[in-house]
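Data block below; observations after.
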Amino acid sequence: MTATAERQDQDPSESTMTTPRPRPSFPLPIGLLAVALAACGGGTNPSSGGGGADVLSLMRARGLSEADVTAALKTYTPSGKHDEYLTFASGGHGGNLIVIGVPSMRIVKYIGVFTPEPWQGYAYGDDATERVLDGGNRFGKRVEWGDMHHPALSETKGDYDGQYIFVGDKANARVAVVSLKDFMTRQLVTSSLIQSDHGAAFVTPDTDYVIETSQYPAPLGGGYAPIEEFNEKYRGAAIFWRFDRQRGLIDTAKSFAIELPPYMQDLADAGKLVSDGWAFMNSVNAERSYGGNLEGRPALEAGASQGDMDYLHCINWRLAESLVKAGKTRTIGDMTVLPLEVAASEGVLFFVPEPKSPHGVDITPDGKDIVVGGKLDTHATVYSFEKIKALAEAKQFAGKDPYGVPILDFKASIRGQCEIGLGPLHTQFDDQGFAYTSVFIESVIAKWSLKDLKVVHKLPMHYNVGHICAAEGDTVSPDGGYLLGMNKWAMDRFTPVGPLLPQNFQLIDVNGAGEMQLLYDMPIPLGEPHYAQMIKADKLKTIEYYSPVGSNPITHEKDPEATLAKQERVERRADGVHVWMTAVRSHFTPDTIRVKEGETVHLHITSVEQAHDATHGFALGSYDINLSLEPGRHSNVRFVADRAGVFPFYCTEFCSALHLEMAGYLLVEPKS
Ligand code: CUK
Ligand code: CUA
């Protein structure tokens, strides 16, 4: 029975909190559809009794086709019902994560990650989150944006476990850890080793490591070398950040990197099941072109696309880990590095040629195959892990690259190729043995059978589709059902908003063995999101308030400066004026703060609330301070009162009828 038919006889009063995923196969004929709508109480005029006619006239009036209405029925989520999935989409250089419900495509939250986020009190004076952001400082300098590309949900045995999500910042070579207990960023890490990344973040099947691979080769450690010494002095690297799940933090001391030749390493993916212990990343620019188009050399992109083949990097990270433990490393900058010559000679690193300008690399759910899309190719190439491993173990090499890295024979390493179309990029998987590949130049998604490598359907996408994201699509057991196409630029699609175009996410019903169906267009008002991951919503176990009262939102432990009711006080100490303050509906105590111009002020503010609907804020204009005081959360703020005057502070959440009155004054008395 199709889900649409199920809907027909479903009593609306029996609705569950989670809407069952509709998997209808064919649009209903209009008459039947209207009857179905009427039976569901979907008539537009409740007094008419004949809802069907109203639905039909509504469809005509709005110019909606049967397919439109079917799509609407598959995405519409009535008030009070929750979505079955949450998608965590990169917010691109906005530096935020965007959390989107599926199938409704309602945005549920933004999470400040690389960019300060005032509503969440993320790095607007709050000491704990300022320190998180400072963890990502580059060469001592605060960077307040990031070019976020790839979110990776934490996994247990290759399945999303709903505990953490990691993201990479391409521009500043950083990786962030976000806790899904409270949707807060708790750590940023970076290494001076590399100067940009792209293969980030990708996790190993038990989240032992978060992978971050450099993109643009540079001297390792952040030093200088003339660009003419590119081949000798410039390098790539793959960092394996060790994740300590107990602490919920990356352990930088236990992390290591593998030095790589100066090709532009691109995306990465970790092996799973049979290929667990291995990681794969592709590269472009085997030519080692480095630009110089005003100095008589070919432009970078022209030089980088001369050859026919680039190199898929196959890395035995478990072997690398044991070589690191055996001390076969060098320290470069702040990172423990397994040198290229060791990786090449000890069986850690192998190359397999891959067709022109590869981009996506995605491991199939069974871990057996590695699918690579070539931007300037028409195929998805399907490599066989078994074949690669056998060739590597037999030391059957077709050659070596200039750095001594063994190269395996292309034909002997692949299971086959699927003729996809112009510009295949990224591949996702469902539960029925199908793969889905975005085809950038052709602007379609190709659905193809993993078994016989044949395309079964192509669905036109709106414009320049990049990544696609399937329900639980990177796990060992994808769900099928939904697929998200992430289009670059919402050309002609929405009401014009000036030259800078939003992006367009398109939700697709991938529909078992049948044809894909477009369900929904969603403008994304931030650029440029690259990738997203979609998780079953019931896997997330979020908290409703911080406990105990006075918790630090990063450590979830009681802050030493936490203040309870009746303990509020002001003290002058050698390092300045300390104010221990509480926030509770609808006042701050104290609500008058008196300091002298030039004094350092330390605010220690505790929300003593323990109810989910009792969030307060603390805004102090002109001093650039904005805190979010969720129930139980504690914040420490330090600033110099360097401007005399009268500065109101107030609560920024409409927390009660007397919210506007939840305010006070900072009185900064002039020195003279
Ligand atoms: S990349 Cu943007 S569409 Cu950074 Cu994964 Cu392919
Ligand atoms: Cu507290 Cu508004």
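Just follow the structure's listing: the first ligand is 1, and inside any ligand the first atom is 1. Source: prediction; values computed, not measured. Excluded from the calculations below are hydrogen atoms, water molecules and symmetry mates; all remaining heavy atoms, backbone and side chain alike, are included.
With a 4.0 Å heavy-atom cut-off, ligand 1 is reached by no atom of L425. Of all the heavy atoms of H426, the ones lying under 4.0 Å from any atom of ligand 1 belong exclusively to the side chain.
A salt bridge links D126 with R633: the distance from a Lys NZ or Arg NE/NH1/NH2 to an Asp or Glu carboxylate oxygen falls below 4.0 Å. Using a cut-off of 4.0 Å between Lys/Arg side-chain N and Asp/Glu carboxylate O, D169 and R174 are scored as salt-bridged. The existence of a salt bridge linking K458 and E442 is confirmed by a sub-4.0 Å separation between a basic side-chain nitrogen and an acidic carboxylate oxygen. Using a 4.0 Å cut-off between charged side-chain N and carboxylate O, R585 and D613 make a salt bridge.
Remark: among candidates H198, Q215, H359, the nearest residue to atom 4 (Cu) of ligand 1 is H198, based on non-hydrogen atoms.
Among the atoms of H659, none of the N, O or S atoms falls under 2.8 Å from atom 1 (Cu) of ligand 2. Taking 2.8 Å as the threshold, M662 counts as a candidate ligand of atom 1 (Cu) of ligand 2, since one of its N, O or S atoms lies below it. Residue side and main chain included, H150 places an N/O/S atom under 2.8 Å of atom 5 (Cu) of ligand 1. Note on H467: counted as a metal contact of atom 5 (Cu) of ligand 1, an N/O/S atom lying under 2.8 Å.
What sits closest to atom 2 (Cu) of ligand 1 on the protein, heavy atoms only, is H530 ND1, 2.0 Å.
By the 30° and 60° cut-offs, the orientation of the rings of Y164 relative to F243 is perpendicular. Below 30°, between 30° and 60°, or above 60°: for F88 and F183 the angle between ring planes is between 30° and 60°, a tilted geometry.
Restricting E653 to its N, O or S atoms, the one at the least distance from atom 2 (Cu) of ligand 2 is O. When distances from atom 1 (Cu) of ligand 2 to the N, O or S atoms of H616 are compared, ND1 comes out shortest.
Each of the atoms 2 (Cu), 3 (S) of ligand 1 lies under 4.0 Å from some heavy atom of K488.
No donor-acceptor distance shorter than 3.5 angstrom exists from the side chain of T378 to the backbone of E419, with no hydrogens or angles considered.
The NZ atom of K375 sits 11.5 Å away from the NZ atom of K356 when rounded to the nearest 0.5 Å.
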